[in-house]
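Since the structure comes first, as structure tokens, the remarks are kept for the end.
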Amino acid sequence: REKGDYAVHSIYGARVSFPPSMNDHKILVKASRVRHDMFCTTKGWEKETPSGMEIDRFDNYSHHFAIMARVSNGNQAGEVLLSYLRLVDGSRVRGIEDHRVVPMLQAGTKLPQALIDKVQEGRAVEVSRFCVNPYFNPTLFTSSGCKVRSSDLNLLATWHECVNRLPEVKSFIAILEPRLCKRMRSFGVDIKQVGDPIEHRGTRIPIEINLRSVRNRVILSALKYKFNKALGGAFNSWKANSRAEDMDQPLVFEANLSFEK
């Protein structure tokens, strides 16, 4: 599983919301295995499991987003998960004490009560378990010669999906490494720090992104235009799938891509 050994035939995006189990669909299984590779094996943040799947109590209450690629290597062909994230909806979480209904609250983050209210009402959702497949280069070349990072594409597709099909979601919250905050600001995204930095697997900064603010709506339009140009107008017809059984007919962004070497 060396980077650069695979030919990419197409990439596509998909969503599964509130699955009863992470075994419910092949993409969720792949996601939990990539999470295990990243968070258990590579970083050592969670305990390794015999199943090779990293799963927690928040998965059933989340929207799961993935960027997938159809690839081949010699005579072998298949699908691989390139990038993954989930949005944890605290309004659906049950059985957790002290109102720690999203991972950042469970990690000890102190948030303003007004923001906690938004989390408990489902108006603010946490971006969590954001990762890329460690066995594949995260940067792709399109047929037009543009570079596209699968993680950037996944975050943009998630944002676009929330604005267009999840109107109850008004903002993203997260605890981010400072470098990720810097990267998002480099795109022009308006990020608000909503609490003091915490030590949780390194320094993390609690942030909120208002999806509906004027500035961020302008930034979303600009980023969609940029990615549309690179990917052949994919976001003009974006219809991410909300049910697992629909994911056999996903949105194809573009054919004839290649991994950056």
Backbone N/O of [Y] and side chain of [X]: donor-acceptor pair under 3.5 Å:
| X | Y | answer |
| --- | --- | --- |
| H36 | E48 | no |
| N216 | L211 | no |
| R212 | R217 | no |
| N60 | P20 | yes |
| R86 | E126 | no |
| N154 | S150 | no |
| N133 | L81 | yes |

If you look at every heavy atom in [X] and [Y], which pair is closest and at what distance?
| X | Y | value |
| --- | --- | --- |
| L166 | R15 | CD2-NH1, 4.0 Å |
| A124 | L115 | CB-CD1, 4.2 Å |
| S83 | S151 | OG-CA, 3.4 Å |
| I191 | C181 | CD1-O, 3.8 Å |
| S51 | R33 | O-NH1, 2.8 Å |
| N23 | V29 | CA-CG2, 3.9 Å |

Mind checking whether [X] and [Y] sit in one hydrophobic cluster, side chains of I, L, V, M, F, W, Y counted as touching below 4.5 Å?
| X | Y | value |
| --- | --- | --- |
| L220 | L153 | yes |
| M184 | F227 | yes |
| I11 | Y135 | yes |
| I173 | V194 | yes |
| V218 | I209 | no |

| salt bridge (Lys or Arg N to Asp or Glu O under 4.0 Å) between E168 and R123, intermediate numbers included | CA-CA 6 Å; E168 67 278 10; R123 293 185 289 123; over 6 Å; no

I want to check something: taking the side chain as every heavy atom from C-beta on, are [X] and [Y] in contact at a cut-off of under 4.5 Å?
| X | Y | answer |
| --- | --- | --- |
| E161 | L156 | no |
| H64 | P19 | yes |
| I175 | H200 | yes |
| V102 | V93 | no |
| S91 | E121 | no |
| V119 | V101 | yes |
| L176 | I205 | no |
| F130 | L180 | no |

### Query
Going through the distances and angles, do M104 and L111 end up as a side-chain contact (heavy atoms from CB on, under 4.5 Å)?
CA-CA 9 Å; M104 62 192 295; L111 297 177; 4.0 Å; yes

Exercise. Do other residues, nucleotides or ligands put more than 12 heavy atoms under 6.0 Å from the OH atom of Y225?
Worked result: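 Atom OH in Y225 is not packed in, count stays at 12 or less.
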
Evaluate whether atom CD of Q76 has more than 12 neighbouring non-hydrogen atoms of other residues, nucleotides or ligands under 6.0 angstrom away. no

Only counting residues at least two apart or in another chain, list the ones meeting salt bridge (charged side-chain N to carboxylate O under 4.0 Å, His left out) with R129.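 Counting only residues at least two positions away or on another chain, R129 forms a salt bridge (charged side-chain N to carboxylate O under 4.0 Å, His left out) with E46, E54, D56.
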
Find the distance between [atom1] ([X]) and [atom2] ([Y]) and round it off to the nearest 0.5 Å.
| X | Y | atom1 | atom2 | result |
| --- | --- | --- | --- | --- |
| S21 | I55 | OG | CD1 | 6.5 Å |
| S128 | L87 | OG | CG | 9.0 Å |
| K118 | K170 | NZ | NZ | 10.0 Å |
| S221 | K226 | OG | NZ | 15.0 Å |

Exercise. Out of Y84, F172, F58, F18, which one pairs with H63 under the ring pair (Phe, Tyr, Trp, His ring centres under 6.0 Å) rule?
Worked result: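 So the option named by the test is F18.
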
*For E208 and S171, what are the C-alpha separation, side-chain angles and deciding distance, and is it a side chain to side chain donor-acceptor pair (under 3.5 Å)?*
CA-CA 7 Å; E208 180 182 19; S171 64; 2.8 Å; yes

### Query
Can you list the steps and then say if R35 with D59 is a salt bridge (Lys or Arg N to Asp or Glu O under 4.0 Å)?
CA-CA 12 Å; R35 282 167 45 174; D59 285 321; 2.7 Å; yes

- Message: salt bridge (Lys or Arg N to Asp or Glu O under 4.0 Å), that's the test. Do R204 and E199 meet it? Break it down for me.
- Response: CA-CA 6 Å; R204 297 289 186 271; E199 290 301 316; over 6 Å; no

